[in-house]
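Presented below is the structure to which this report refers.
Read the numbers this way: they start at 1 and go in the same order the structure lists the ligands and their atoms. All values derive from a computational prediction rather than experimental measurement. One is the number of the first residue; the rest follow in order along the sequence.
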Amino acid sequence: MQALGVDIGGSGIKGAIVENGKLVSERIRIPTPSPSTPTAVADVVATIARRLDYRGPIGCGFPAVIQHGVARTAANIDAGWIDCNVETVIQQATDCPVIVINDADAAGLAEVQFGAAQDPNGVMMMVTIGTGLGSALFRDGVLFPNTELGHLMLNNIKAEHYASGAVRKREGLSWKEWGARFNEVLELYERLFWPDLFILGGGDCKKLHKFEPCLKVRADVRAATLENQAGIIGAATAAIRHRTQK
Ligand code: BGC
């Protein structure tokens with residue numbers, strides 16, 4: 001079974017058709033519209049579906065708390081999304097059945113099923129590095145959704161305002177400087193959750209070798225093996241699961 005996976009981020013909206021954990025179409029990336037209102041974002045998802053000539057189930061990873069399809073927060077996306085049913089809005093724009101989950105939860109699901117965390121035993125925490133810091137927590141392969149750890153306070157500032165990928169670029173930090181900050185974030189997460197394994201996602205995870213020497217946590221740290229496709233694959237996988245479990 002196939003689904004269109006869409007990863008809605010603060011700076012780009014990426015989509016591809018996925019089957020068995022693999023991209024089976026070209027990957028399309030369209031910059032996130034500004035302002036990133038519900039109508040504007042839903043139109044971009046519809047454009048991606050159209051450009052891929054796709055009709056069928058769509059899974060979206062969305063950068064906010066998602067409860068039963070409804071966005072409850074909007075840190076890096078237009079505030080107009082708060083309390084909006086994301087599934088309904090995208091369904092109306094695409095005329096396809098839609099499932100929406102948090103973007104980091106989607107990336108984590110992909111790594112658990114197809115990537116770097118396929119051993120289901122223990123506690124695994126996915127941390128996505130991008131416009132914000134996303135988190136996804138798994139115990140024995142089962143997701144505890146919407147953990148939102150990028151909003152934990154560290155040195156009187158939210159973790160994602162201290163050590164996200166966007167902060168590294170905006171402040172022109174070297175990998176060493178940023179790595180030291182990111183290590184503080186992981187150490188905080190470790191003190192609270194004691195994961196056996198951290199998996200790092202987002203575009204910057206390809207640069208793990210540059211900041212790995214800064215990381216002092218006890219847990220293993222690995223880059224997402226699905227790299228920046230994890231969000232797309234996880235979102236599509238959630239849509240496929242939803243349909244096959246019905
Ligand atoms: C949002 C999370 C999201 C993360 C990564 C944070 O600002 O609150 O929901 O997972 O950014 O996009």
- [ ] Go through the steps for D220 and F198 under the test side-chain contact (heavy atoms from CB on, under 4.5 Å), then give the verdict.
- [x] CA-CA 6 Å; D220 278 351; F198 283 107; over 6 Å; no
Open item on the list: When you measure from the centre of the six-membered ring of W175, is the NZ or CZ of R168 closer than 6.0 Å and no more than 45° off the axis?
Closed with: yes
Task: ligand 1 contacted by G130 (non-hydrogen, < 4.0 Å) - done: no
TODO: Tell me, please: is L133 in heavy-atom contact with ligand 1, that is, under 4.0 Å?
DONE: yes
Open item on the list: Could you identify the single nearest non-hydrogen protein atom to atom 12 (O) of ligand 1 and state the distance to 0.1 Å?
Closed with: D103 OD2, 2.6 Å
- [ ] Could you tell me whether N76 and ligand 1 have an N or O pair separated by under 3.5 Å?
- [x] yes
Task: Ligand-residue contact atoms, ligand 1 with G134, heavy atoms, under 4.0 Å - done: 4 (C), 5 (C), 10 (O)
Open item on the list: How close do A219 and D196 get, counting heavy atoms only, and between which atoms?
Closed with: CB-O, 3.6 Å
Task: Nitrogen or oxygen atoms of T128 and ligand 1 under 3.5 Å apart - done: no
- [ ] Could you tell me the residue and atom name of the protein heavy atom closest to atom 6 (C) of ligand 1, and the distance to it rounded to 0.1 Å?
- [x] E160 OE1, 3.2 Å
Open item on the list: Under a 4.0 angstrom heavy-atom cut-off, which atoms of ligand 1 come close to N102?
Closed with: 2 (C), 3 (C), 9 (O), 10 (O)
Task: Residue among V98, I17, I232, T94 satisfying side chain to side chain contact (heavy atoms under 4.5 Å, CB included) with L4 - done: I17
Task: Salt-bridge present (R181, E171; N to O < 4.0 Å) - done: yes
Open item on the list: Suppose I only count heavy atoms of A64 and a 4.0 Å limit; which atoms of ligand 1 are within that range?
Closed with: 9 (O)
Open item on the list: I'd like to know if the side chain of Y54 pairs up with that of Q2 as donor and acceptor (distance under 3.5 Å, no hydrogens or angles considered).
Closed with: no
Task: Identity and separation of the nearest protein heavy atom to atom 2 (C) of ligand 1 - done: E148 OE2, 3.2 Å
Task: Qualifying residue for side chain to side chain contact (heavy atoms under 4.5 Å, CB included) with L188, from L186, L192, V185 - done: L192
